[in-house]
There are 2 protein chains.
Amino acid sequence: MNSQSEEDYLKALYHLEMDFDSVSTNSIADYLDMKPSSVTDMLKKLAEKKFINYQKYKGTSLTKKGKLIALTIIRKHRLWETFLVDKLGFGWDQVHIIAEQLEHIKSEELIENLDNFLGNPKYDPHGDPIPNKEGEIEKMNQKVLVELKALQKGIITGVKKGTASLLNYLDKEKVKLGDSIKVIEILEFDGTYIVEINKRKLTFSEKICQNLLLETND
Amino acid sequence: MNSQSEEDYLKALYHLEMDFDSVSTNSIADYLDMKPSSVTDMLKKLAEKKFINYQKYKGTSLTKKGKLIALTIIRKHRLWETFLVDKLGFGWDQVHIIAEQLEHIKSEELIENLDNFLGNPKYDPHGDPIPNKEGEIEKMNQKVLVELKALQKGIITGVKKGTASLLNYLDKEKVKLGDSIKVIEILEFDGTYIVEINKRKLTFSEKICQNLLLETND
DNA sequence: TTATTTTTTTAGACTAGTCTAAAAATTACA
DNA sequence: TGTAATTTTTAGACTAGTCTAAAAAAATAA
């Protein structure tokens with residue numbers, strides 16, 4: 001059984017590997033708000049357990065084993081977030097801190113039952129994909145709306161970081177994460193998009209299109 | 001903020017105070033499966049924080065402050081158990097271990113939302129009363145069925161420890177915790193009880209009557 | 001290429017929570 | 001009541017996870 005702290009490190013490693021290719025001791029320390037010396041200690045421990053590939057002074061990366069653990073934590077995190085929003089009525093921006101605690105609860109059965117109770121959701125309230133119990137996560141073919149041409153389709157999965165207000169706007173327009181979107185027309189003049197969501201035509205400014213994240217199937 | 005360990009001790013103290021009047025170091029150690037020396041250490045710490053009244057070599061007891069914390073942990077424990085059984089379909093006998101973890105999640109809002117989501121239940125799946133958010137718990141006027149005389153009434157709240165099979169039997173007979181029960185007749189010959197539950201007459205052996213817990217209103 | 005800066009690791013210390021072994025206090029009983 | 005048994009506490013050690021300060025390695029730049 002892994003400690004909460006170990007799980008936090010593995011999860012951090014996973015997220016950092018997404019964004020940057022090699023993961024440095026300092027970047028982990030920044031991410032987790034710890035001192036680099038503490039990180040070094042933990043890296044040794046995780047390497048011992050074969051969760052990471054680690055060589056002094058070189059960066060580090062998750063092994064298959066480590067990645068699987070990271071993904072099961074992320075699965076738990078995202079399922080709990082979904083529960084908090086869908087069932088308990090929390091706002092999508094309030095759930096992260098609570099899910100950080102819930103993700104460490106140890107019970108496979110709990111998570112499988114929760115998954116079923118929620119209707120086996122594919123995306124969490126922020127639009128991030130939920131790994132399945134084998135630790136497989138949809139390789140997001142993530143695009144921004146502005147990359148689509150007329151008549152192309154996608155599924156709305158989220159908004160870029162730091163554009164919380166866009167999510168609020170979508171809420172008001174009754175646009176939900178997971179909704180399909182189809183580009184009807186792009187105005188050449190100012191880049192405005194006319195799109196169809198739930199059989200309703202909507203008009204999105206270029207700025208919105210630059211921040212609205214989609215999943216496509218190409 | 002109190003540590004998980006502190007919370008476990010306070011909860012143990014609460015339960016032990018229910019059953020026995022004075023709580024000894026050894027009894028806590030037994031209950032928590034720890035060594036008495038570890039308990040002494042923690043008692044000092046809890047006394048420091050004014051959660052317990054503690055004097056070397058004398059027993060210990062919860063202060064008002066300590067009792068309130070114990071009751072909020074118990075509230076969380078019982079609400080989570082209710083969630084696990086009612087919503088996730090766990091059996092009543094599977095949920096304790098999981099709730100032991102969930103009860104330490106720190107978020108008042110989470111618990112209030114959960115309480116509402118569950119419909120503000122008064123009893124958990126084992127029939128134990130759930131404290132309210134002020135830490136008030138129903139003073140159970142707990143009786144065993146065998147204490148009732150003909151025509152007296154009560155509410156079924158649980159079974160005695162170690163009689164899990166009785167709960168299974170009740171399940172099969174479609175008798176649920178929270179159901180009202182009325183004694184129709186007691187056979188002098190062998191102490192068999194004829195009772196009415198949900199407008200159905202049932203016959204309970206003396207052994208059943210000795211293990212079925214009720215709440216009455218006298 | 002050498003010197004300087006930055007990054008990473010090591011060494012040693014601290015805290016919380018546990019343990020074992022021994023000492024001290026209390027309780028039981030002959 | 002005095003001795004033996006039991007209970008409780010103390011003293012000291014250990015682990016996990018963190019920290020600070022200093023040393024070592026790697027990267028950068030003059």
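Naming: A, B, ... by sequence-line order, numbering from 1 per chain.
Here Lys65(B) pairs with nothing under the salt bridge (Lys or Arg N to Asp or Glu O under 4.0 Å) rule; sequence neighbours left out. The side-chain contact (heavy atoms from CB on, under 4.5 Å) test applied to Glu6(A) returns Asn2(A), Ser3(A), Met42(A), Lys45(A), Leu46(A), Lys49(A), not counting sequence neighbours. Every residue meeting the side-chain contact (heavy atoms from CB on, under 4.5 Å) condition with Pro131(B), not counting sequence neighbours, appears here in chain and number order: Leu71(B), Ile74(B), Arg75(B), Ile137(B). Partners of Glu136(A) by side chain to side chain donor-acceptor pair (under 3.5 Å), not counting sequence neighbours, listed by chain and number: Asn132(A).
A donor-acceptor pair shorter than 3.5 Å cannot be found between the side chains of Ser24(A) and Asn26(A).
In this model, the phosphate group of dT10(C) is approached by a side-chain N or O of Lys56(A) to a distance below 4.0 Å at OP1 or OP2. Between Lys58(A) and dA25(D) there is no side-chain polar atom (N or O) within less than 4.0 angstrom of OP1 or OP2. When the side-chain nitrogen and oxygen atoms of Asn26(A) are compared with OP1 and OP2 of dT6(C), none of them lie within a distance under 4.0 Å.
Applying a 4.0 Å cut-off to non-hydrogen atoms, the residues of residues 30-42 of chain B that approach DNA chain C are Met34(B), Lys35(B), Ser37(B), Ser38(B), Asp41(B), listed by residue number. Within residues 3-15 of chain B, the residues approached by DNA chain C to less than 4.0 Å at the level of any non-hydrogen atom are Ser3(B), Ser5(B), Tyr9(B), in residue-number order.
Under a 4.0 Å N-O distance rule, the pair Lys11(B)/Glu103(B) qualifies as a salt bridge.
The OH-C1' distance, from Tyr57(B) to dT6(D), rounds to 12 Å in whole Å. To the nearest angstrom, C1' of dT7(C) lies 17 Å from CD of Gln55(A).
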Determine whether Glu215(B) and Lys122(B) satisfy the following criterion, salt bridge (charged side-chain N to carboxylate O under 4.0 Å, His left out), listing intermediate values before the conclusion.
CA-CA 12 Å; Glu215(B) 181 197 342; Lys122(B) 279 189 71 186; 5.2 Å; no

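Between His126(B) and Trp92(B), the ring planes lie perpendicular to each other; the angle is over 60°, past the 30° to 60° tilted range.
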